[in-house]
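Down below is the structure, laid out as structure tokens.
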Amino acid sequence: MKGASLSFRISLTLFVLATAATGARAASSAAEAELLQSQATLRYHMMDYKGAAELLERALKILPGDVSSLELLALTRRKLNDDAAAGRAYLVLLALVDEKHRPPYHFELATIQFAARRFDEAREHFERAAEGGFNPGTSHFFLGFIEFSAKAWEPARAAFVASLASPDGFTYEAVSRYYLAAAYEQLGKSSDAVHSYYAAASAPEGLTDSISNGIRENALKALDRLDHTNSFAFLSMLGQWDTNVQSTPSDAASPLPQSMRHSFKNVLSGLAGAASSPRKDLQFIPSVRFYTNYNWNPVARDFSFASFTPSGLALYRPYARLSIGMKAEGTYTLKNTLNATDLTAGNHYSGYSFTGDIGPLARYEVRPSLNLAAELTYRPKRYYQDASTTSQIRSGAGFFARASGELTQARLLNPTAYFSYEQDQTSGSDFRFHAVGLGVANAMRVLARLLVTASADVASIDYFATVNPQRRDLLFSFRAVAQYALIVHWSLTGDLGYLNNGSTIPETFSYSRFVTSLGATYEF
């Protein structure tokens with residue numbers, strides 16, 4: 001027993017001595033790596049980048065995963081114009097650290113890939129850097145250039161606007177404004193293009209004099225190029241499935257009961273117009289649009305409509321930060337009505353209504369990424385097929401007010417929100433109402449050619465003149481619209497929509513509706 005005990009004590013002593021020796025060697029190695037890193041830091045500040053790199057490589061052989069040494073090595077390699085080695089160091093760093101510490105490495109790696117014209121890889125890392133809050137303005141600035149060079153005008157627009165929304169993007173304001181204007185020009189938004197060109201010509205912050213003068217001269221040349229009238233037009237054909245065909249020609253809240261009939265539809269719509277020069281103090285934009293639907297379900301044919309809407313818009317200083325204007329339009333609607341006096345004659349189109357909208361509007365740019373808008377509209381209404389019962393006459397007048405804000409943040413985050421108030425003073429008491437509405441929408445550039453917009457709206461409608469019982473409706477709707485650019489002039493359009501109306505008179509006015517569409521649009 002004594003021999004065994006002595007043997008155990010000897011083994012234990014040898015183990016402790018070996019462990020201590022190992023710990024001493026580890027401590028010595030760590031100390032050596034730390035010394036090499038300190039010497040490398042000194043060499044770096046003395047601009048001996050080659051010597052610094054050699055010392056750091058030695059330090060990393062001792063401690064391969066040392067973050068500080070890898071960071072300094074990446075910076076040193078960049079100073080030596082060895083971007084490939086610097087990129088490898090940043091990739092190792094991305095694998096070593098957790099998510100919250102990665103954005104700076106994403107940014108540095110993105111700039112390396114951008115310089116090498118590997119734009120797809122650069123795009124991914126710039127997006128990660130911006131999402132992580134590291135140099136978001138600069139990241140979006142480079143993203144704008146990537147999208148602009150790919151002729152992806154809408155993503156380029158969103159990126160440059162997002163860059164201008166961040167303090168670190170102010171350095172590039174003149175350049176961002178200039179290319180933002182060019183993107184607007186390609187998108188056919190002449191007034192926005194003129195506004196941004198003017199801003200580019202007067203925003204040289206952060207640039208050398210030669211660059212500032214070049215931007216200013218190019219912006220002024222572009223303004224001269226836009227000093228003319230532009231025309232626009234599109235034609236859209238949709239196939240649509242509607243589970244509850246609307247009994248009125250508008251998608252707005254209807255005071256009438258729904259048809260409770262389903263149908264497959266063909267929907268044809270179009271728009272044509274022109275815009276005078278946006279460089280002038282006063283810009284005029286006349287247009288006309290039309291809409292018609294054909295319901296294939298014979299029992300729903302009575303709810304086929306055709307409408308024509310001439311419109312005029314006048315804007316004062318459309319290029320200014322604050323732009324005001326006046327809008328006027330009228331809509332004449334025909335209905336495919338069944339001939340009540342001769343049932344064998346079938347349906348024929350006859351006058352259904354004429355409604356108008358006239359009033360002022362204003363738009364104010366708080367900053368490039370945030371725009372506010374407001375409008376106030378007077379709405380006269382005349383229904384040719386009104387009910388004979390006095391209380392149910394819908395002709396009359398009303399007004400509509402709306403305030404909205406649009407924020408452009410990034411490729412997938414471009415929200416819009418609005419608040420509205422509407423009042424309708426009809427001749428018949430049953431359809432007089434006050435309505436308060438709220439809505440949000442978000443435009444998402446899912447792919448370079450695919451834009452998806454989702455929106456949700458809610459309206460509280462009080463038909464205040466009704467009694468026994470008093471009618472109040474709560475209308476909720478959701479819609480998602482996707483547009484995919486196919487080839488020049490052509491795009492594929494699809495949408496999904498759901499609407500639900502709850503009413504204090506449920507047996508007559510409560511309903512739900514699901515609509516889905518698919519079709520194509522041609523832009524002239």
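Because the structure is predicted, anything quoted here is derived from the model rather than measured.
- Side chain of Arg479 to main chain of Gly497: no donor-acceptor pair is present (N/O by atom type, distance under 3.5 Å, no hydrogens or angles).
- In this structure, a donor-acceptor pair under 3.5 Å is absent between the side chains of Glu185 and Ser196.
- Taking the ring centre of Phe354 as origin, the terminal cationic atom of Arg382 falls outside the region bounded by 6.0 Å and 45° from the ring axis.
- The pair Glu406-Arg367 does not count as a salt bridge, with every side-chain nitrogen at least 4.0 angstrom from each carboxylate oxygen.
- Ring centroids of Phe264 and Trp241 are separated by 6.0 Å or more, keeping the two rings apart.
- Side-chain contact check for Asp168 and Thr138: at least one donor-acceptor pair (N or O, by modelled atom type) lies under 3.5 Å.
- Aromatic ring centres of Tyr352 and Phe305 lie closer together than 6.0 Å.
- Looking at His434, Arg432, Arg471, Gln470 one by one, the single match for side chain to side chain donor-acceptor pair (under 3.5 Å) with Asp462 turns out to be Gln470.
- Distance check: Ile146 CD1 to Glu124 CD gives 11.5 Å after rounding to the nearest 0.5 Å.
- Looking at Asp357 and Tyr378, their side chains never bring a donor and an acceptor atom within 3.5 Å of each other.
- No side-chain donor from either of Asp242 and Ser263 sits under 3.5 Å from a side-chain acceptor of the other.
- Judged by distance alone, with hydrogens and angles left aside, the side-chain atoms of Ser139 form a donor-acceptor pair with the main-chain N or O of Asn135 at under 3.5 Å.
- Inspection of the Ser277 and Asp227 side chains reveals an N or O donor paired with an N or O acceptor under 3.5 Å.
- At distances below 3.5 Å, at least one donor-acceptor pair connects side-chain atoms of Ser276 with backbone N or O atoms of Phe284.
- With hydrogens and angles left out, the side-chain atoms of Tyr294 and Arg301 include a donor and acceptor closer than 3.5 Å.
- In this structure, Tyr522 has its ring center closer than 6.0 angstrom to the ring center of Phe524.
- In this structure, Tyr319 has its ring center closer than 6.0 angstrom to the ring center of Tyr198.
- Put simply, the side chain of Ser247 gets close to the backbone of Pro257: a donor and an acceptor are under 3.5 Å apart.
- If you check the side chains of Thr331 and Thr309, you find a donor sitting under 3.5 Å from an acceptor.
- Leu499 CG to Ser512 OG: the interatomic distance, rounded to the nearest 0.5 Å, is 8.5 Å.
- A centroid separation of 6.0 Å or more is found between the aromatic rings of Tyr498 and Phe478.
- Checked against a 6.0 Å centroid threshold, the rings of Tyr179 and Phe145 count as neighbours.
- Side-chain contact of Ser191 with Gln283: a donor-acceptor pair under 3.5 Å is present, judged by distance alone.
- Checked against the 6.0 Å centroid threshold, Trp153 and Phe148 count as a close aromatic pair.
- Phe303 is listed as a side-chain neighbour of Arg261, based on a closest heavy-atom distance under 4.5 Å.
- Residues Leu518 and Leu238 form no side-chain contact, since every pair of their non-hydrogen atoms from C-beta on lies 4.5 Å or further apart.
- Judged by distance alone, the side chain of Arg379 and the main-chain N or O of Phe399 form no donor-acceptor pair under 3.5 Å.
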